[in-house]
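Notes to accompany the following structure.
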Amino acid sequence: MTRELAYAAGDLVRTYLHDPPHHTRLPRYARGKLGVVVEPEGPAPLADARAQGRGDDAPVEMIYAVRFAARELWGEGDHDVVLDLTESYLRKAEPGDER
């Protein structure tokens, strides 16, 4: 059975703005930021759960390559940064969100 993708290339997404009390692969500098999905990269066990010792029961999530403007992440820069992020770190951008 093929799982439907939550995001497609070109979708505008925002990362969640949260600060969990445990390890997360969502960098602090990228939290709450606006990016564009480049492509889905395939499923993988959630690294956050694995870091908590839950390797055997870690949920499997789709990983997405997401492109951010450096200016969005750090307030300056003319280049882009691509991060590999799990589906649970992302949400669809809301109306009014801009690049």
Side-chain angles (χ1 to χ4, degrees):
M1 181 168 84
T2 304
R3 183 174 170 225
E4 186 175 326
L5 296 174
Y7 305 104
D11 283 353
L12 193 59
V13 294
R14 186 172 293 280
T15 59
Y16 276 96
L17 180 60
H18 71 300
D19 190 18
H22 54 74
H23 171 79
T24 180
R25 296 281 302 191
L26 176 58
R28 191 174 306 273
Y29 64 81
R31 296 177 191 173
K33 303 300 181 172
L34 196 63
V36 176
V37 173
V38 176
E39 65 182 352
E41 296 192 327
L46 182 62
D48 298 33
R50 295 185 78 178
Q52 295 172 45
R54 296 178 34 218
D56 292 338
D57 71 339
V60 174
E61 293 191 16
M62 183 61 66
I63 306 294
Y64 292 89
V66 181
R67 183 179 62 245
F68 299 88
R71 189 170 305 283
E72 172 73 8
L73 298 176
W74 299 293
E76 62 182 337
D78 294 329
H79 62 284
D80 292 330
V81 175
V82 176
L83 299 174
D84 293 337
L85 300 173
T86 59
E87 190 171 308
S88 62
Y89 298 160
L90 306 172
R91 66 171 174 79
K92 290 199 182 267
E94 297 184 16
D97 280 344
E98 300 174 4
R99 287 190 225 199

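Keep in mind it's a predicted model, so treat the numbers as computed, not measured. Here, residue 1 is the first one in the sequence, and each next residue gets the next number.
Of all the heavy atoms in G35 and L12, the pair that sits closest is O-CD1, 3.3 Å. L73 and A30 get closest at one heavy-atom pair: CD2-CA, 3.9 Å. A93 and L34 make their closest contact through CB-CD1, 3.8 Å (heavy atoms, listed as atom of the first residue, atom of the second, distance). Summarising the geometry of R14 relative to E72, their closest heavy-atom pair is NH1-OE2, 4.1 Å, with the distance given to 0.1 Å. Between R71 and G77, the shortest heavy-atom distance links the atoms NH2-O, 3.7 Å. A pairwise comparison of heavy atoms in L5 and P40 identifies CD1-CG, 3.6 Å as the closest pair.
Here the side chains of D84 and R25 are not in contact, with every heavy-atom distance at 4.5 Å or above. A 4.5 Å side-chain heavy-atom check between L46 and S88 finds at least one atom pair inside the cut-off. With contacts defined as side-chain heavy-atom distances shorter than 4.5 Å, the pair L90/V66 qualifies. Between L83 and R67 there is no side-chain heavy-atom pair separated by less than 4.5 Å. Considering only heavy atoms from C-beta on, L26 comes within 4.5 Å of T15 through its side chain.
Identified under the ring-ring contact (aromatic ring centres under 6.0 Å, His included) test for residues 60-79, with sequence neighbours left out: Y7-Y64, Y29-W74. Listed by first then second residue, pairs satisfying salt bridge (Lys or Arg N to Asp or Glu O under 4.0 Å) with a partner in residues 28-40 read D19-R28, D19-R31, not counting sequence neighbours.
We find the OG1-CD distance between T86 and E61 to be 4.5 Å, quoted to the nearest 0.5 Å.
Put simply, L85 and V81 are part of the same group of oily side chains (I, L, V, M, F, W, Y) that touch within less than 4.5 Å, one to the next.
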